[in-house]
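One structure below.
Because only heavy atoms are used, hydrogens play no part in the values below, and waters and symmetry mates are left out as well, while side chains stay in. Remember, it's a predicted structure, so these values are computed and weren't measured experimentally.
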Amino acid sequence: MLTTGAPTNWAGNITFGAARVHRPTSVDELRRIVGSAERVRALGTGHSFNRIADTSGDLIRLDRLPQRVEIDPDGSRVTVAAGMRYAQVAEALQPAGHALANLASLPHITVAGACATGTHGSGVAQRGLAASVAGLEIVGPEGDLTRLSREADADRLAGAAVSLGGLGVVTAVTLDIEPSFEVAQWVYDGLPLDRLADSFDEVFGAAYSVSVFTDWHAGDGVVWLKCRTDRPGPPRPGQPWLGARPADGPRHPVPGMPPSHCTAQAGVPGPWHERLPHFRPDFTPSSGEELQSELILPRGAAPEAFAALRRLGDRIAPVLLVSEVRTIAADGLWLSPAYGRDSVALHFTWVPDRAAVLEVVAAIEEELLPLGARPHWGKLTAAAPADVVARYERAADFGRLLGEFDPAGKFRNPYLDRLFPTG
C-alpha cells in the first residue's frame with residue numbers, strides 16, 4: 001500500500017524526505033517493493049531523534065504486515081514479526097506463561113527498530129534488547145530473503161543484530177524468552193547525588209532493574225526500583241534507604257507531568273511487561289515535544305562522569321526536562337553501545353530547541369567522550385561520525401558486512417555514508 005504525506009518522527013523534529021512511503025500487507029509485497037527500489041529504508045515507530053531512518057527514495061513501514069508470534073516447543077524462543085511493538089509481543093507471551101528478560105522504558109517501540117539502534121532497558125545483569133536476538137529474517141536488495149541464526153551464523157548475527165538498518169529490511173526476529181515473572185516497583189525521592197556516586201553498586205544492584213532520574217543541578221535524584229518478586233529486592237521495601245525516602249505517591253519521570261501514564265508503583269506486584277517499562281502500553285504518546293541524547297560509558301567511569309555533569313549543571317538545567325541513569329550488562333554485538341563492557345547509560349530528555357540543546361550536548365560530550373562514552377545511534381550527538389565509529393572495535397568488520405549484504409548501497413543513506421563511507 002502506497003501512502004501520501006510526508007511522515008515525521010515521534011518527536012516531530014524530523015520530517016522524512018522519502019519520495020514514496022509504503023505500508024505493505026505481506027512479506028511478498030515488501031520483497032517486490034525492495035527489489036524494484038533504487039534506495040530504500042525501513043521505519044518503525046520513528047522513535048529516533050536523528051536521520052537514521054531517512055531516505056530520498058522509498059520508505060517502508062512494517063506495521064501492516066501480518067502479526068506473527070511463534071513460540072518454540074521448548075519455550076526458549078519466540079519468532080515475531082519485526083514491525084510488532086514490544087507491547088504486542090508481551091500481550092502474546094504473557095498468557096502462554098513466557099516473558100522477555102528486559103524491556104525499554106517505552107513498550108510502544110518496534111522490535112526491529114529497537115534492536116537495530118541498540119536500545120536497552122536497565123539492570124546490572126540485563127543486556128540491551130538486541131542481545132536477546134537469536135535469529136533474523138532479512139529482505140535483501142534484490143528482494144531475496146536471508147535467514148540468520150545464532151547456531152549457524154553466530155559471528156554474522158553479532159554484526160547484524162544492531163544493524164542501523166543498513167543490511168536490509170528485517171521482517172522477523174527470533175528472541176530468547178523465559179518463564180513469566182512478576183515485578184513490584186518502588187520509587188524513592190531525594191537520593192543525594194553524592195550517595196549516587198559513592199554507593200553506585202549498592203544503588204544499581206538493589207533491584208532487577210534500576211533507574212535514577214535527576215537534573216544534575218538540584219542535588220538529588222529519584223530512584224525507581226523494579227524488583228522481581230522471586231528474587232531479593234531492596235533491604236527494607238517502602239522504608240528510608242541510602243538517605244532517600246519512599247515516594248508519597250506515584251511519580252512521572254519528568255517532574256510536573258501526570259503520573260497516570262506510568263506503570264504501577266508503591267510496591268504493587270504485576271506481570272513483568274506491566275512494570276519493566278516506565279509507561280503503560282495503553283498510553284500511546286503521539287508526539288514527544290522533546291529531544292533526546294544518550295551516552296553509554298564503561299561502568300567504572302560513572303563517578304567521574306557524574307562529577308562532570310554536576311559541574312555542568314548550571315548549563316544543563318535550562319534546557320533539560322530530565323536525565324536518567326541506567327546500567328547495561330556487556331554483550332558481544334559489534335555495534336552495541338555496551339559491546340565488550342558493563343556500562344552506565346546517561347540519558348537526557350531535552351526541551352525541543354535543537355540549537356540550544358546541541359550546544360549543551362557538545363559541552364557534555366567534551367567531558368564524557370574522553371571517558372569512553374559512546375553516543376546512542378538513534379539520538380542527538382555533536383560528535384563527528386568518525387569519532388563515533390572509532391569507539392567500536394568491530395566497526396571495520398561491520399563495514400565489510402554492509403558490503404556483503406548490500407554491495408550496491410540500496411539501503412544506504414547520508415547517515416550511514418557519514419559513518420561508514422565507501423571507497
Side-chain angles (χ1 to χ4, degrees), residues 69-80 82 84-136 149-151 154 157-158 161-162 172-185 204-211 224-233 263 269-279 281 296 299 324 326-333 336-345:
V69 180
E70 300 168 1
I71 299 172
D72 283 5
D74 66 358
S76 64
R77 292 178 181 174
V78 62
T79 298
V80 303
M84 291 180 68
R85 301 176 186 229
Y86 274 96
Q88 295 171 313
V89 174
E91 288 165 2
L93 290 177
Q94 174 64 16
H98 301 292
L100 298 170
N102 203 3
L103 289 172
S105 59
L106 279 174
H108 313 84
I109 55 179
T110 63
V111 174
C115 292
T117 54
T119 297
H120 58 90
S122 188
V124 292
Q126 303 309 312
R127 299 177 300 167
L129 302 185
S132 68
V133 173
L136 293 171
S149 71
R150 189 180 289 153
E151 290 74 21
L157 185 64
V162 181
V173 183
T174 300
L175 302 169
D176 297 324
I177 55 177
E178 61 184 76
S180 181
F181 54 90
E182 285 199 332
V183 174
Q185 182 169 220
F204 286 94
Y208 183 76
S209 175
V210 178
S211 292
W224 291 36
L225 301 178
K226 300 172 187 284
C227 312
R228 283 185 62 149
T229 58
D230 60 344
R231 299 183 183 181
T263 48
W272 57 281
H273 65 293
E274 295 180 3
R275 297 295 184 275
L276 290 180
H278 299 330
F279 298 97
I296 295 89
R299 199 172 294 173
E324 181 179 8
R326 292 179 285 180
T327 53
I328 318 167
D331 62 46
L333 308 181
S336 166
Y339 175 81
R341 66 193 197 188
D342 292 333
S343 299
V344 57

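Not a single donor-acceptor pair under 3.5 Å links the side chain of S180 to the backbone N or O of Q94. A donor-acceptor pair is defined here as one N or O able to donate and one able to accept, closer than 3.5 Å; such a pair exists between the side chain of N102 and the backbone of R127. Between the side chain of S132 and the backbone N or O of A130 there is no donor-acceptor pair closer than 3.5 Å. Between the side chain of R150 and the backbone N or O of V133, at least one donor-acceptor pair lies under 3.5 Å. In this structure a side-chain-to-backbone donor-acceptor pair under 3.5 Å is present from D331 to L333.
Side-chain contact annotation: S211 with E324, donor-acceptor N/O pair under 3.5 Å present.
Remark: T110 pairs with no residue by the side-chain hydrogen bond (donor to acceptor under 3.5 Å, both in side chains) rule, at least two apart or across chains. Legend: residues meeting side-chain hydrogen bond (donor to acceptor under 3.5 Å, both in side chains) with E70, ordered by chain and number and at least two apart, are R68. Not counting sequence neighbours, Y86 has no partner by the ring pair (Phe, Tyr, Trp, His ring centres under 6.0 Å) test. With sequence neighbours excluded, no residue forms a side-chain hydrogen bond (donor to acceptor under 3.5 Å, both in side chains) with T327. A search for salt bridge (charged side-chain N to carboxylate O under 4.0 Å, His left out) contacts involving R299 returns nothing, not counting sequence neighbours. Listed by chain and residue number, Y208 satisfy the side-chain hydrogen bond (donor to acceptor under 3.5 Å, both in side chains) test with Q126 (two or more places apart in sequence, or in another chain).
Across every non-hydrogen atom of S149 and L157, the tightest pair is C-CD2, 4.0 Å. Of all the heavy atoms in A338 and A329, the pair that sits closest is CB-O, 3.8 Å. The two residues A158 and G332 come nearest to each other via the heavy atoms CB-O, 3.8 Å. Between A87 and P281 the shortest heavy-atom distance is CB-CB, 3.7 Å. The shortest heavy-atom contact between A345 and H120 is CB-CE1, 3.5 Å. The minimum heavy-atom distance between T229 and A184, with the atom names listed, is CG2-N, 4.2 Å.
Taking CG of L100 as the reference point, atom CG of L276 lies at 9.5 Å (rounded to 0.5 Å). Atom CD1 of I296 and atom CZ of R341 lie 8.5 Å apart (nearest 0.5 Å). Here L106 contributes atom CG and R85 contributes atom CZ; the two are 10.0 Å apart, rounded to the nearest 0.5 Å.
Between T117 and V162, the closest side-chain pair of non-hydrogen atoms is not below 4.5 Å. Two residues are said to be in side-chain contact when any heavy atoms from C-beta on lie closer than 4.5 Å; E274 and T263 fail this criterion. Contact of the V78 side chain with the V69 side chain is registered, since non-hydrogen atoms from C-beta on lie closer than 4.5 Å. No side-chain heavy atom of I328 sits less than 4.5 Å from a side-chain heavy atom of D342.
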Full working for side-chain contact (heavy atoms from CB on, under 4.5 Å) between I71 and T79: CA-CA 6 Å; I71 299 172; T79 298; over 6 Å; no
side-chain contact (heavy atoms from CB on, under 4.5 Å) assessment of R326 paired with V210: CA-CA 6 Å; R326 292 179 285 180; V210 178; over 6 Å; no
Stepwise salt bridge (Lys or Arg N to Asp or Glu O under 4.0 Å) test for D176 and R77: CA-CA 4 Å; D176 297 324; R77 292 178 181 174; 3.6 Å; yes
Verdict with reasoning, T174 to L136, per side-chain contact (heavy atoms from CB on, under 4.5 Å): CA-CA 6 Å; T174 300; L136 293 171; over 6 Å; no
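Considering S122, S209, P277 as possible partners of K226, the one that fulfils the side chain to side chain contact (heavy atoms under 4.5 Å, CB included) test is S209.
Salt bridge annotation for E178-R228: present, with a cationic side-chain nitrogen under 4.0 angstrom from a carboxylate oxygen.
Ring planes of W272 and F181: tilted class, angle from 30 to 60°.
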